[in-house]
Amino acid sequence: MTQPNPQLLANIRIVLARTSHPGNIGAAARAMKTMGLSQLVLVDPAVFPNSQADAMASGAADVLANARVCATLAEALADTHLALGVSARRRDIVAEVLMPGEAAQRLLAEAQAAPVALVFGNETSGLSNEELSLCQGLVTIAANPEYSSLNLAAAVQVLCYELRRVWLAQDSWPQPELDAASGEELEKFYLHLETALAELEFLNPGSPGKLLQKLRRLFSRTRLAKEEVNILRGILTAAQEAKAGGTRARNS
Ligand code: SAH
């Protein structure tokens with residue numbers, strides 16, 4: 001058997017959103033390193049760097065030292081081609097709910113071509129709907145339904161173990177079928193969609209309701225390629241221009 005490709009694990013990012021306890025950040029770094037992962041990204045952590053984080057990281061001080069700190073989740077996911085939220089509770093805003101093993105398969109296959117991410121939520125409140133809306137799918141650890149909330153670093157350990165298990169077991173990966181749009185391209189598209197729908201008076205910016213959330217879910221279900229995003233944005237621009245032209249004609 002050929003040696004598994006270390007670049008695949010290097011392309012998988014563990015993102016911790018709004019972590020409250022620095023000890024959990026350290027424990028997550030240790031969980032990662034024991035499984036061969038190294039890319040830790042912290043979004044708006046309450047306390048970091050911190051001695052408790054260092055103590056809990058133990059021999060994984062290098063993972064902490066190399067951790068990237070971002071102000072927003074969108075920034076952390078800007079260059080990723082696949083981001084999966086990790087959450088105990090099912091939400092109706094994501095397209096798909098995966099088991100950790102399936103998520104590992106998907107992430108490793110995608111990681112051949114581009115960075116991918118697993119996003120973990122805050123210890124008390126989990127992932128917000130807004131954070132989940134930046135993910136293309138959701139991973140749930142099948143836990144005791146009477147008490148399903150794992151400690152944050154324990155959840156990171158489960159996912160990293162699954163990644164390593166799947167990585168070790170398989171020596172060739174299907175090539176990703178499409179040139180997926182990046183997180184940044186998707187967010188620009190959603191912003192364009194919102195602006196255009198407001199200009200077309202399909203969306204009332206004062207009370208958008210759940211329309212935008214539902215449209216995000218629709219597009220996440222199909223996984224958009226770069227080229228498809230460009231086509232959709234071209235259609236939006238054409239509609240905006242037609243609307244502006246019509247408005248100008250009426251007003252002249
Ligand atoms: N009270 C929070 C739990 C937060 S636990 C809630 O109900 O969402 C901190 C993080 O660990 C979660 O945001 C999630 O990323 C992860 N986590 C804990 N238990 C999990 C489970 N059973 N499945 C998937 N992720 C889990």
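Atoms within each ligand, like the ligands themselves, are counted from 1 in listed order.
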Is any N or O atom of Thr140, backbone or side chain, closer than 3.5 Å to an N or O atom of ligand 1?
no

Atoms of ligand 1 less than 4.0 Å from Gly121 heavy atoms?
9 (C), 10 (C), 12 (C), 13 (O), 15 (O)

Relative to ligand 1, is Thr124 under 4.0 angstrom through side chain, backbone, both or neither, heavy atoms considered?
backbone

So for ligand 1, is Ile141 a polar contact partner (N or O within less than 3.5 Å, distance only)?
yes

Is it true that atom OH of Tyr161 has more than 12 heavy atoms of other residues, nucleotides or ligands lying nearer than 6.0 Å?
no

Count the heavy atoms of every other residue, nucleotide or ligand shown that sit under 6.0 Å from NZ of Lys226, and state whether that count exceeds 12.
yes

Heavy atom of Val156 under 4.0 Å from ligand 1?
no

Above 12 or not: heavy atoms from other molecules or residues under 6.0 Å from NZ of Lys243?
yes

Min N/O separation Val86 to ligand 1 under 3.5 Å
yes

Check the surroundings of atom CE in Met35: do more than 12 heavy atoms from other residues, nucleotides or ligands lie under 6.0 Å from it?
yes

May I ask you to identify, for Ser87, whether its side chain, its backbone, both or neither come under 4.0 Å of ligand 1 on a heavy-atom basis?
backbone

Spell out, as yes or no, whether a donor-acceptor pair under 3.5 Å connects the side chain of Arg18 to the backbone of Pro45.
no

Considering only NZ, NE, NH1 and NH2 on the basic side and carboxylate oxygens on the acidic side, decide whether Arg223 and Glu110 come within less than 4.0 Å.
yes

Hey, does the side chain of Ser148 reach the backbone of Pro145 with a donor-acceptor pair shorter than 3.5 angstrom?
no

For ligand 1, the portion of Ala155 having any non-hydrogen atom under 4.0 Å away
side chain

Please list, in number order, the atoms of ligand 1 under 4.0 Å from a heavy atom of Ser149.
3 (C), 5 (S), 19 (N)

